[in-house]
Amino acid sequence: MKVLVTGGCGYIGSHTCVMLLEAGYDVIIVDNLCNSKRDVVDKIKEITGKDVIFYKGDVCDYALINKIFSHHDIVAVLHFAGLKAVGESVLKPLLYYRNNIDSTLNLLEVMTKYNCKNIVFSSSATVYGAPKTLPIKESAPLSTTNPYGSTKLYIEGILRDVYEADKNWNIAILRYFNPIGAHKSGLIGENPNGIPNNLMPYIIKVATKELEVLNIFGDDYDTPDGTGVRDYIHIIDLAKGHIKALDKVLSGSGIVCYNLGTGHGYSVLELVKTFEKVNNVKVNYRIAPRREGDIAACYADPTYAFQELGWKAELGIEDMCRDAYNYVMKCKRNTSD
Ligand code: NAD
Ligand code: UD1
């Protein structure tokens with residue numbers, strides 16, 4: 001059974017491709033490589049021993065998506081392609097609306113044309129805005145504070161409208177919490193260029209001495225140690241959640257929406273200390289002012305995904321810290337060889 005994975009060379013997409021291949025699916029990737037590299041395709045093959053079909057191109061390109069569907073009998077799409085940097089989205093909102101929304105509209109139009117009406121969409125916990133109650137259930141009120149988050153919320157709305165108009169669609173909206181970690185092999189993972197925005201890549205760059213010090217954004221939040229609390233989830237658990245969601249979609253789910261998180265919140269300091277312990281490295285940090293737009297705490301109620309999909313996260317924060325560091329160290333060794 002062939003599935004199309006948009007953004008399959010990216011961080012979450014690549015790990016999900018591995019799981020899809022291991023589950024017996026045939027995988028076609030389309031990615032314009034705006035935030036990833038071509039060699040990820042080879043790494044996926046190296047891990048799984050299986051081939052994938054790769055198209056380099058933009059999901060906003062109707063002719064290309066049409067060509068892919070005309071060449072292959074695709075049963076479902078996992079739609080990861082999108083831009084995801086919150087700060088950049090504030091500076092370049094049109095880029096984000098154009099890329100994230102246009103690509104989705106294109107895809108849905110071509111899928112309709114070829115009568116492929118099964119899709120798994122990458123949404124985000126960012127659609128919960130500043131949550132009023134914790135842990136967060138799927139039924140919590142939705143709002144966003146930046147254009148990136150708005151693209152996710154609008155796309156969720158588009159998907160609901162598409163389903164209302166045609167109940168033959170099966171749509172899983174997955175709201176991810178904070179994915180970190182990497183595949184055990186150290187062949188795929190997350191290693192952004194430049195100065196990272198997110199916590200784990202920043203910790204790693206301080207541990208490897210590429211950056212001098214981690215700024216901890218605020219220690220005066222209403223949390224146990226005053227630093228921000230998030231629901232970090234191992235990328236492998238997240239990828240497994242996609243296989244379960246895809247199975248659900250293919251069984252005729254209608255439209256469904258699941259939180260993919262662990263249900264446990266860890267503070268910035270807890271993550272830093274765990275990282276230091278499991279990797280036996282020092283992470284210099286200092287307390288800095290709060291980052292604008294940040295919330296004190298955010299963690300999932302993942303009960304619904306467990307009830308409906310039989311999925312729950314299994315790996316712990318120690319695995320996340322160890323695997324994330326292992327991947328970056330392996331990248332470094334390979335580039336210095
Ligand atoms: P990523 O940037 O690593 O992967 C996205 C991939 O999509 C990249 O390979 C990029 O080259 C590709 N891409 C972007 N726009 C494209 C287009 N128009 N056409 C073709 N390819 C395109 O990001 P990720 O962390 O793997 O995230 C995947 C999805 O999950 C995104 O939609 C993101 O918004 C969402 N998400 C990510 C997180 C997170 O913390 N990583 C959290 C919540 C939601
Ligand atoms: C951020 C995005 C969110 C997106 C998610 C995953 C913002 C406001 N939110 O979430 O929309 O879905 O990434 O891509 O950007 N921290 C530090 N120092 C740092 C970096 C982070 O102390 O250098 C703290 C933050 O204040 C926060 C925690 O670490 O408490 C996690 O931050 P981050 O990894 O950026 O994720 P989120 O803010 O949860």
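We count ligands from 1, going down the list as the structure has it; atoms in each ligand are counted the same way.
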Which residue from [options] reaches closest to [atom] through any of its heavy atoms?
atom                    : options              : answer
atom 30 (O) of ligand 1 : Y176, Y96, Y11, F121 : Y176
atom 43 (C) of ligand 1 : G8, S124, G7         : S124
atom 12 (C) of ligand 1 : D102, V30, D31       : D31

[atom]: nearest protein contact (heavy atom, Å):
atom                    : result
atom 35 (O) of ligand 2 : R291 NH2, 2.8 Å
atom 5 (C) of ligand 2  : N198 ND2, 4.1 Å
atom 26 (O) of ligand 1 : I12 N, 2.8 Å
atom 26 (O) of ligand 2 : D294 OD2, 2.6 Å
atom 27 (C) of ligand 2 : R230 NH2, 3.6 Å

Y266 touching ligand 2 at heavy-atom level, < 4.0 angstrom: no
Whether S124 lies under 4.0 Å from ligand 2, heavy atom: yes
May I ask you to list the atoms of ligand 1 that are less than 4.0 angstrom from any heavy atom of [X]?
X    : result
S122 : 29 (C), 30 (O), 32 (O), 35 (C)
P179 : 39 (C), 40 (O), 41 (N)
N99  : 15 (N), 17 (C), 18 (N)
C34  : 10 (C), 11 (O), 13 (N), 14 (C), 15 (N)
G57  : 19 (N), 20 (C)
F80  : 28 (C), 29 (C), 31 (C), 32 (O)
S123 : 43 (C), 44 (C)
Y148 : 33 (C), 34 (O), 35 (C), 36 (N), 43 (C), 44 (C)

Contact with ligand 1 for D58, non-hydrogen, under 4.0 angstrom: yes
Non-hydrogen atom of K152 closer than 4.0 Å to ligand 1: yes
Salt-bridge contact K2-D26 (side-chain N to carboxylate O under 4.0 Å): no
Salt-bridge criterion met for D319 and R322 (N-O under 4.0 Å): yes
From K152, R175, E156, residue fulfilling side chain to side chain donor-acceptor pair (under 3.5 Å) relative to S123: E156
Identified side chain to side chain donor-acceptor pair (under 3.5 Å) partner of N259 from the options Y128, Y304, Y176: Y128
Contact partition for N197 relative to ligand 2, non-hydrogen atoms under 4.0 Å: backbone
Heteroatom distance test (N215, ligand 2): nitrogen or oxygen, under 3.5 angstrom: yes
Nitrogen or oxygen atoms of F217 and ligand 2 under 3.5 Å apart: yes
Under 3.5 Å: N/O of G10 near N/O of ligand 1: yes
